[in-house]
Amino acid sequence: MPKAKEWSEPLVLKLMSRHGGRPPADIIEAHAESLRAAAEQHSLPVDVELVASVQGVKRRRQPWDFAGRIYADANGQLVMDLNDQDGDERQRFTCAHELMHLAFPGFKKEARYRLDTKEPGQNGTNAEEEYLCDLGASMLLMPRSLVVGQYDIEGGLDEVERLARDARVSLQAAGNRLISIADTPAAFLVFDWRHKPADMPRLRRGAEVSKCLRLRYGSIARLDVYLPRFKGVPDDGPCGRAWHGRWRETGFGPLPGADQLGAFAIEAQAYGSEDRRVVLAVARPAA
């Protein structure tokens, strides 16, 4: 998350100015809480469709070529378009994400689209706004008051699975939320089988370049470290074994690209279908 002095997008700066310079994450969390309170949602899973209805948002579902968008039509009616080809968890998160756009100044004066084709960690022209809307979606679907004290990243992947099941969100959304509220050092890591960007020129020349298990992104709690995307991990480590196997693996090793932090206890498991398979891992300092 950017520090206060690092926010730079004009719309985010306007949001901060409107709220007396408060941190944007705090503003967005207050917005999510107000939406939830208005819809009287006090338990998991949050009925995000009801939340949208209370806000007067008309939903339309079609096989769009994007995940979702929200805008005000010529008559001022708020309209949300959702891709009906996405699964229930994805549609719920997209709906929550789009509702976060309502917090931003001047929303009804221009359409705001969420073309969800990028991966976590990639930047766009409105990366800060989209980041805050994703953050707000997790806050709406997994409110602090309903998660803290009930779910804990210390419980590892079992807790990630339990929160995902109870909140009707994806495993990745649940893992990221647990990290965001963790009060002990931990990391939630997502890997997939791929080339690194530096391989692309050689591949275009027709060279044979092997894929390996690489970090897609990592969410960090209470650790001052940067984890480089696309960093490869060994096949004989817990994450590599999880990719090649069909069961949960545990072991010890460094975080990808952060050997200086020493060994971590890592729990990893592969999830998803063959064409959309990922390894999810929870890591905690071994010492």
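Side-chain atoms are counted along with the backbone in the values below, which use heavy atoms only and exclude waters and symmetry mates.
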Okay, side chain of [X], backbone of [Y]: is any donor-acceptor separation there less than 3.5 Å?
X: Asp152; Y: Gly155; answer: no
X: Ser53; Y: Glu49; answer: yes
X: Asn126; Y: Glu129; answer: no
X: Arg36; Y: Gln41; answer: yes
X: Arg92; Y: Arg168; answer: yes
X: Arg214; Y: Phe230; answer: yes
X: Arg61; Y: Arg59; answer: no
X: Asp192; Y: Val278; answer: no
X: Ser180; Y: Arg177; answer: yes
X: His195; Y: Val209; answer: yes

For a 4.5 angstrom cut-off between non-hydrogen side-chain atoms, does [X] reach [Y]?
X: Asp81; Y: Ile70; result: no
X: Pro143; Y: Leu44; result: yes
X: Val12; Y: Phe104; result: yes
X: Leu163; Y: Val147; result: yes
X: Leu132; Y: Met100; result: no
X: Arg216; Y: Arg194; result: yes
X: Leu223; Y: Leu255; result: yes
X: Tyr151; Y: Ile181; result: no

Hydrophobic cluster membership, [X] vs [Y], 4.5 Å side-chain cutoff:
X: Val148; Y: Val46; result: yes
X: Val160; Y: Trp243; result: no
X: Val190; Y: Val225; result: no
X: Phe252; Y: Phe191; result: no
X: Leu82; Y: Phe107; result: yes

- Would you check, one step at a time, whether the test side chain to side chain contact (heavy atoms under 4.5 Å, CB included) holds for Glu154 with Thr184? CA-CA 8 Å; Glu154 287 290 311; Thr184 57; 2.8 Å; yes
Provide the closest heavy-atom pair for [X] versus [Y] in the form atom of the first, atom of the second, distance.
X: Ala186; Y: Ile153; result: CB-CG2, 4.0 Å
X: Gly253; Y: Ile266; result: O-CD1, 3.8 Å
X: Leu99; Y: Leu35; result: CB-CD1, 3.9 Å
X: Ala103; Y: Arg18; result: O-NH1, 4.2 Å
X: Leu280; Y: Leu157; result: O-CD1, 3.9 Å
X: Gly218; Y: Leu227; result: CA-CD1, 4.5 Å

Is it the case that atom [atom1] in [X] sees more than 12 heavy atoms from other parts of the structure closer than 6.0 Å?
X: Arg22; atom1: CZ; value: yes
X: Arg276; atom1: CZ; value: no
X: Asp224; atom1: CG; value: no
X: Gln62; atom1: CD; value: yes

*asked:* One pair to check against salt bridge (Lys or Arg N to Asp or Glu O under 4.0 Å): Lys14 and Glu128. What are the steps and the verdict?
replied: CA-CA 13 Å; Lys14 287 182 182 179; Glu128 292 177 4; over 6 Å; no
Salt bridge (Lys or Arg N to Asp or Glu O under 4.0 Å) evaluation trace for Glu267 with Arg248 = CA-CA 7 Å; Glu267 180 185 36; Arg248 189 169 297 179; 3.3 Å; yes
- Check the angle between the aromatic planes of Trp64 and Phe66 and answer parallel, tilted or perpendicular using the 30° and 60° thresholds. parallel
So Trp193 and His244, would you call those rings parallel, tilted or perpendicular, with 30° and 60° as cut-offs?
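It falls in the perpendicular class, over 60°.
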Would you give the length of the straight line joining atom [atom1] of [X] to atom [atom2] of [Y], rounded to the nearest 0.5 angstrom?
X: Arg162; Y: Leu178; atom1: CZ; atom2: CG; value: 9.0 Å
X: Leu13; Y: Trp7; atom1: CG; atom2: CH2; value: 10.0 Å
X: Asp86; Y: Cys95; atom1: CG; atom2: SG; value: 12.5 Å
X: Asn176; Y: Ser170; atom1: CG; atom2: OG; value: 8.0 Å
X: Leu171; Y: Phe188; atom1: CG; atom2: CZ; value: 7.0 Å
X: Lys231; Y: Cys212; atom1: NZ; atom2: SG; value: 9.5 Å

Evaluate the side chain to side chain contact (heavy atoms under 4.5 Å, CB included) criterion for residues Leu140 and Val48: first the C-alpha distance (whole Å), next the side-chain angles of each, then the deciding distance (0.1 Å), finally the verdict.
CA-CA 8 Å; Leu140 177 59; Val48 72; 4.1 Å; yes
Show your reasoning for whether side chain to side chain contact (heavy atoms under 4.5 Å, CB included) applies to Tyr271 and Glu161.
-> CA-CA 11 Å; Tyr271 295 89; Glu161 291 178 355; 2.7 Å; yes
| said: Would you say Trp247 and Glu249 are linked by a side-chain donor-acceptor pair, where the criterion is simply a distance under 3.5 Å? | reply: yes
Discussion item. Within the 3.5 Å criterion, strictly below it, is a donor on Tyr131 or Glu9 matched to an acceptor on the partner's side chain?
Written reply: no
**OP:** Determine, step by step, whether Lys196 and Arg229 satisfy the side chain to side chain contact (heavy atoms under 4.5 Å, CB included) criterion, reporting the C-alpha distance in whole Å, the side-chain angles of both residues, the deciding distance to 0.1 Å, and the verdict.
**Re:** CA-CA 9 Å; Lys196 61 180 182 290; Arg229 296 182 66 226; over 6 Å; no
- Verify side chain to side chain donor-acceptor pair (under 3.5 Å) between Tyr71 and Gln77, making sure each step is shown before the conclusion. CA-CA 8 Å; Tyr71 55 93; Gln77 169 68 51; over 6 Å; no
Trace of the side chain to side chain donor-acceptor pair (under 3.5 Å) decision for Gln172 with Tyr217: CA-CA 11 Å; Gln172 291 187 46; Tyr217 70 91; 2.8 Å; yes
